Protein chains: 2
Amino acid sequence: MRLVIARCTVDYEGRLTARLPSAVRLVMVKADGCVAIHADGGAYKPLNWMVAPNILVEARDDDGSPTWTVSNGKGERLVIRFDEVLSDSSHELGTDPGLEKDGVEAELQALLAARPDVIGDDLVLVRREYPTDIGPIDLLCRDGSGATVAIEVKRRGEIDGVEQLTRYIARLELDPGLRPVRGVFVAQSITPQAKVLAGDRGFRCVEIDYEVLKGMRPEDLRLF
Amino acid sequence: MRLVIARCTVDYEGRLTARLPSAVRLVMVKADGCVAIHADGGAYKPLNWMVAPNILVEARDDDGSPTWTVSNGKGERLVIRFDEVLSDSSHELGTDPGLEKDGVEAELQALLAARPDVIGDDLVLVRREYPTDIGPIDLLCRDGSGATVAIEVKRRGEIDGVEQLTRYIARLELDPGLRPVRGVFVAQSITPQAKVLAGDRGFRCVEIDYEVLKGMRPEDLRLF
DNA sequence: TATTACATGTCGACC
DNA sequence: GGTCGACGTGTAATA
């Protein structure tokens, strides 16, 4: 990883056209070739960047200033003109073992697929990721009466999720073999607005405690 | 801006739980207090981060290793344990003049406002950013028959945009002076799923070539 | 403060 | 390679 602290101007042309006036910034070049230009604030997002793969060409401007031109095969181009280099260092970092995550939506969905009864006593899973032509439904089940139940699972239940469930159900209702279709909106927590909207649409809301669900011993999990 | 190259382990607890095993990484602390941990690859996104405002506490572990605990008021906590510090430098960058952008959705909307006939021959602009109580509609027009036409403009047309248009039209239909309202979904490109949904809702889809639109000479632009 | 829509979103999964 | 949905999305504008 190469870290350059320098007064520089930057021009980007590609998905949009953007320009950075002369100022002191950090220019970061990673081992995979990606380039990022950071100001001293504004969270983790750089002011400008180029993702790998790309080609970095070092040259000198008319007046002798170093200039980097970074381009990729998709018509994007980043030009960095260095007015004054304050620091330039390189470091060998090696490959990173990577981030170990826990608690995302996928696991919540998997746990619920194994235990649909947590959502409703009489639910039996038909399949996960049931496909429709506007996208897959998280869980499709049948209840004790044989009615179809479409379930949207979110980590955080917000209005978007209710809209998504609405769209899916509208598509499913077109299939005589599935009609009628009930909707259930499941999340660790559901915002008041999402609850109101779900109520308007006739969907049941279920808030799930992820820790409790995860804590169930394997023998409690009904495999499918 | 402080830049630390170090072998470290990192734990994050907050919106999820995540852990980084010991490896050499860059730890960046910006003037506004935000912290980012970068590996030597993977575009501009750090492996872990904390956005400002937050509190950084430097301490020493049981075995003498420096440890940073970064926490904010929303129950998020990032713990960085330094096993070996290879480099530690600070730089004064000053405030950044900021990025000057061009070519985003706003310009597409402005160009179409000047040339609604590109969307439909007989369209006449009523106004841009026509207000409703759930937000402004990009373009409101009338067609040759005097019917209202609501137009949602996106750079990329996806399902969310169709939902947005649907909500706006539902509001407009409440106004007897506007009813009936037709919907048109305009974007540089529209995904197949968005086209299906727009079709279901009875909206017309129009894909626009931004470069062609921009290339029209000023005298071709009908000002409003 | 809370909600909404945008982003050079990025990223992964799947087709 | 394209499409689609999740993301610790972040971010700005707006009410």
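Just so you know, these numbers come straight off a predicted model, no measurement behind them. To find a chain, count down the sequence lines: A is the first, B the second, and so on, and within it residues start at 1.
In this structure, A:Q109 places its CD atom 15 Å from C1' of C:dG12, rounding to the nearest Å. B:I190 places its CD1 atom 11 Å from the P atom of D:dC4, with the value rounded to the nearest Å. If you measure from atom CG of A:L47 to atom P of C:dT8, you get 12 Å, rounded to the nearest angstrom. One interatomic measurement links the two molecules: CG of A:D138 to P of D:dG5, which rounds to 11 Å at whole-angstrom precision. Look at CD on A:E163: it is 18 Å from C1' on D:dC4, rounded to the nearest Å. Atom pair B:L16:CG and D:dC7:P shows a separation of 9 Å (rounding to whole Å applied). In this entry the distance linking CH2 of B:W49 with C1' of C:dT10 reads 10 Å, nearest Å. Distance, A:E152 CD to D:dC4 C1': 13 Å, rounded to whole Å.
OP1 or OP2 of D:dT3 has not a single side-chain nitrogen or oxygen of B:T191 nearer than 4.0 Å. Residue A:R15 has a polar side-chain atom (N or O) positioned under 4.0 Å from OP1 or OP2 of C:dT10. Within the 4.0 Å cut-off from OP1 or OP2 of C:dA5, at least one side-chain nitrogen or oxygen of B:R167 is found.
Using a 4.0 Å heavy-atom cutoff across all strands shown, B:D160 reaches no nucleic acid atom at all. Note on B:E158: nothing from the nucleic acid sits closer than 4.0 angstrom, heavy atoms only. Residue contacts for B:L78: at a heavy-atom cut-off of 4.0 Å it reaches no nucleic acid atom on any strand shown. Residue contacts shown for B:E76 include a base, since a base heavy atom lies under 4.0 Å away. Heavy atoms of B:R77 sit nowhere under 4.0 angstrom from any nucleic acid atom. Residue contacts shown for B:L99 include a base, since a base heavy atom lies under 4.0 Å away.
If you take atom C1' in D:dG10 and the same atom in D:dA6, they sit 14 Å apart, rounded to whole Å. When the C1' atom is compared between C:dT8 and D:dT14, the two are found 24 Å apart, to the nearest whole Å. Comparing C:dC6 with C:dT10, their C1' atoms sit 14 Å apart, to the nearest whole Å.
Here the nucleotide nearest the side chain of A:Y168, chosen from D:dA6, D:dC4, D:dG5, is D:dG5. Ranking C:dT8, D:dG8, D:dC4 by closeness to the B:K45 side chain, first place goes to D:dG8. Minimum atom distance to the side chain of B:M50 is reached by D:dG8, of the listed D:dA6, D:dG8, C:dA5. In this structure, the nucleotide among D:dC4, C:dT10, C:dA5 sitting nearest to the side chain of B:Q193 is D:dC4.
B:R179 places a side-chain N or O within 3.5 Å of a backbone atom of B:E173 that can act as its donor or acceptor partner. Although no hydrogens or angles enter the test, the distance criterion places no donor-acceptor pair under 3.5 Å between the side chain of B:E58 and the main chain of B:P66. Remark: the backbone N or O of A:C8 is paired with a side-chain donor or acceptor of A:R25 at under 3.5 angstrom.
Taking the 5.5 Å centre cut-off and the 30° plane limit, the aromatic side chain of A:Y44 is not classed as stacked on D:dG10.
Ion pairing between B:K195 and B:E207 holds under the 4.0 Å rule for side-chain N and carboxylate O.
More than 12 heavy atoms of other residues, nucleotides or ligands shown are found within 6.0 angstrom of CG on A:L174. Counted within 6.0 Å of CZ on A:R142, heavy atoms from surrounding residues, nucleotides or ligands total more than 12; the atom is thus considered enclosed.
Mapping B:I159 and B:A18 onto DNA chain D by nearest heavy atom places B:I159 at the nucleotide closer to the 5' end.
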